[in-house]
Protein chains: 2
Amino acid sequence: MTSIDDVAKSIGVSTATVSRALRGLSGVSAGTRLRVQCAAEELGYVPSSSASGLASGRTMAMGVLLPQIDRWYFSAVLEGVDRQLRAAGYDLVVFNLGGSGVNRQRVFHRSILRKRIDALLVMCMELTDDELQSLQAVDSPTLVVGGSVRGVRHVGIDDDAAARDAVEHLIALGHKDIAHLRGGGSFGIEFEVPRIREESYLSTMARHGLPVRPEWSVFGDFRFKRGKEAAFTLLRDPADRPTAVFCSSDEMAFGVISAAADLGISIPGELSVVGIDDHEFADPLNLTTIRQSPEEQGAYAADLLLAELEGGAPVAAPGPRPHELIIRTSTAPPHSLPAK
Amino acid sequence: MTSIDDVAKSIGVSTATVSRALRGLSGVSAGTRLRVQCAAEELGYVPSSSASGLASGRTMAMGVLLPQIDRWYFSAVLEGVDRQLRAAGYDLVVFNLGGSGVNRQRVFHRSILRKRIDALLVMCMELTDDELQSLQAVDSPTLVVGGSVRGVRHVGIDDDAAARDAVEHLIALGHKDIAHLRGGGSFGIEFEVPRIREESYLSTMARHGLPVRPEWSVFGDFRFKRGKEAAFTLLRDPADRPTAVFCSSDEMAFGVISAAADLGISIPGELSVVGIDDHEFADPLNLTTIRQSPEEQGAYAADLLLAELEGGAPVAAPGPRPHELIIRTSTAPPHSLPAK
DNA sequence: TTGAAAGCGCTAACAA
DNA sequence: TTGTTAGCGCTTTCAA
């Protein structure tokens with residue numbers, strides 16, 4: 001592996017000059033810089049991140065801590081984070097807690113604090129007190145994405161408003177019998193978010209004087225399969241079922257749509273469905289939903305962190321990221337005629 | 001930040017001893033090791049990865065190069081890779097090419113070769129000759145996951161056999177009019193895979209003496225939306241449409257199912273659908289499919305690389321990973337009565 | 001079983 | 001504008 005010395009010697013300058021030239025620092029003559037760049041290119045020189053990390057104290061990498069990678073929200077946030085990191089010349093290190101267990105400990109104690117990264121982004125999830133303390137102890141800038149975690153600033157949508165907008169859309173259409181398919185924590189993911197959305201559903205219903213039946217507030221886990229199962233329960237009695245379902249995630253809404261299809265219930269004629277997310281499948285499935293952009297949230301959070309690394313002042317309380325009601329054809333006034 | 005020196009001084013041993021004790025090397029007395037471990041714990045010492053990386057030449061990190069993070073296959077592979085890395089004490093660095101453009105170059109030249117990682121896993125995708133050369137130039141162990149890339153060994157299923165199994169399942173049921181919804185390269189993802197599956201479809205049909213109509217071999221991009229659009233075209237004429245569709249991905253198969261629902265075509269009564277993947281949604285949607293496990297593939301590939309890093313001999317040509325026909329209720333003999 | 005000491009390849013003062 | 005020279009915090013011979 002060619003080192004900075006090789007480059008320096010090959011054109012008879014010092015390693016300091018090579019370093020300066022290659023990093024674009026001022027104080028290097030144009031001519032020298034060019035010669036250095038050519039020599040580096042020629043020799044195939046690439047700086048060692050370990051060496052520069054050790055010497056400068058900056059690794060040029062950002063970490064993302066998450067409970068799982070292959071879920072719509074998390075992987076989309078990663079995409080947004082990564083886009084900004086790439087543009088800023090940073091690398092992305094992913095710390096996946098992957099459920100619970102011993103490894104979870106190890107990740108915290110071995111990986112995160114190991115000076116492999118300059119800043120850390122934490123995906124919204126349930127954390128133990130120990131873990132929270134470890135996070136606070138990290139001296140690098142830290143930020144939570146996607147929902148609040150006790151005492152740490154976070155970037156995300158206003159979940160209360162988002163749920164309210166969804167429910168009020170149904171109410172405005174004339175629905176009164178509105179069920180809620182709520183999210184919930186399989187192994188502790190996003191424990192705050194489902195709660196906030198549930199409360200928002202309840203208070204919005206109350207504000208409009210609409211009754212809420214306990215059996216119409218159903219647990220799901222944000223995902224398709226459980227959403228579909230829950231929908232079967234919710235919709236099984238033709239004589240006594242809601243005219244609309246508010247789902248705390250699009251994936252669960254897809255489950256409702258699929259269950260309705262199996263049961264021969266027409267949407268939106270006999271049932272309106274609204275979700276939250278604007279998942280990739282929402283458009284082709286004509287799902288009315290509250291759009292949020294995890295990518296944008298990730299990008300925004302990464303920018304915040306990046307700015308701090310460049311010496312900017314930390315933003316103590318980032319404002320909520322935008323959400324938007326996207327009306328498609330899965331919602332209509334109750335008992336409306338089939339679209340055909 | 002407490003350093004190894006602090007630990008060493010605190011109990012009056014040398015830094016070498018601390019290093020040895022903490023890494024579990026032999027040649028340290030049990031008593032000393034215990035004292036070191038306690039002292040380290042006490043002081044909250046965590047080794048710096050930059051420093052140990054520089055000194056030892058090993059970063060204890062593995063890189064994954066991919067064209068996109070938030071796609072079913074890629075994020076699932078990441079999950080599998082990460083699981084093994086976690087167990088082995090390695091960190092995961094994600095290099096996302098994110099489409100094309102200048103950044104793509106930068107990722108290759110700045111990040112990958114930068115000694116940030118000990119080994120590299122490349123997700124199956126289209127690469128330029130330059131990029132391929134850069135890869136070959138990396139002296140760390142490298143492996144492709146998911147489909148062959150010119151001249152680099154890879155881990156993945158036998159795509160030819162997988163497609164054949166799917167088509168023969170339909171043929172065994174008595175179908176003769178079988179369409180193929182093929183994948184294809186939006187920005188060059190998996191360029192070999194869709195081709196192999198298409199060829200397998202064609203040759204299997206030919207082997208059974210079944211005709212293939214050009215208009216029944218339709219392009220998709222592996223995804224739901226395009227799959228649904230393509231299905232509308234394929235199925236629009238009730239008098240002249242296939243009795244079965246083989247889809248090169250489950251997501252496209254979901255599109256077919258959704259299109260069929262919109263068109264009032266019953267599955268499997270009037271149309272059989274088979275996919276490839278066994279996506280999370282396949283079970284609740286009752287999709288017959290060829291199961292593959294990207295997680296397992298990722299884990300297997302990571303293990304291979306890890307073994308090489310431990311000094312094992314490189315496996316020149318890993319065998320194909322398993323796939324399996326999962327029969328659900330989206331396939332049945334042609335013109336069978338509705339399941340009800 | 002332990003310690004001393006020489007780097008690993010780079011950055012950043014400080015000098016020139 | 002450029003060079004000299006200490007380190008950064010570890011690992012790893014080599015000696016004891």
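As the structure is a prediction and not an experimental result, all values here were calculated from the model. Lettering of chains follows the sequences in order, A, B, ..., and the numbering in each one begins at 1. Side chains included, hydrogens not; waters and symmetry mates left out as well; all remaining heavy atoms used.
Between R58(A) and dC8(D) there is no side-chain N or O to OP1 or OP2 distance below 4.0 Å. The side chain of S14(A) contributes no N or O atom lying less than 4.0 Å from OP1 or OP2 of dT4(D). One finds a side-chain N or O of T17(A) lying less than 4.0 angstrom from the OP1 or OP2 phosphate oxygen of dG3(D).
In this structure, M1(B) places its CE atom 14 Å from C1' of dC8(D), rounding to the nearest Å. Per the geometry, CD1 belonging to I4(B) stands 19 Å off P belonging to dG7(D), to the nearest Å. The distance between atom NZ of K115(A) and atom P of dC8(D), rounded to the nearest whole Å, is 13 Å. Computed from coordinates, the D5(B) CG to dT11(D) P distance equals 12 Å when rounded to whole Å. Distance, D6(B) CG to dC8(D) P: 11 Å, rounded to whole Å.
For L25(B) and A51(B), each mapped to the nucleotide of DNA chain D holding its nearest heavy atom, the one lying further toward the 5' end belongs to A51(B). Along DNA chain C, the nucleotide closest to S26(B) and the one closest to T2(A) are compared, and the more 5′ of them pairs with S26(B).
The residue S50(A) sits apart from the nucleic acid: no heavy atom pair falls under 4.0 Å. Within 4.0 Å (heavy atoms only), R20(A) reaches at least one base atom of the nucleic acid. Here G31(B) lies out of heavy-atom contact (under 4.0 Å) with every strand.
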Intermediate values then yes/no, side-chain contact (heavy atoms from CB on, under 4.5 Å), L143(A) and H154(A): CA-CA 6 Å; L143(A) 199 58; H154(A) 79 279; over 6 Å; no
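Heavy-atom contacts from other residues, nucleotides or ligands closer than 6.0 Å to CD of Q136(B) number more than 12.
There is no side-chain donor-acceptor pair under 3.5 Å between S29(A) and R33(A). A side-chain N or O of D118(A) and one of T59(A) form a donor-acceptor pair less than 3.5 Å apart. Counted by atom type alone, E79(A) and Q68(B) present zero donor-acceptor pairs between their side chains at under 3.5 Å.
With values rounded to the nearest 0.5 angstrom, Q84(B) atom CD is found 10.5 Å from E295(B) atom CD.
Counting all heavy atoms, side chain and backbone alike, L135(B) lies closest to T142(B) at O-OG1, 4.4 Å.
First and last contacting nucleotides of DNA chain C toward chain B (any atom under 4.0 angstrom from a heavy atom, 5' to 3' order): dT1(C) to dG9(C).
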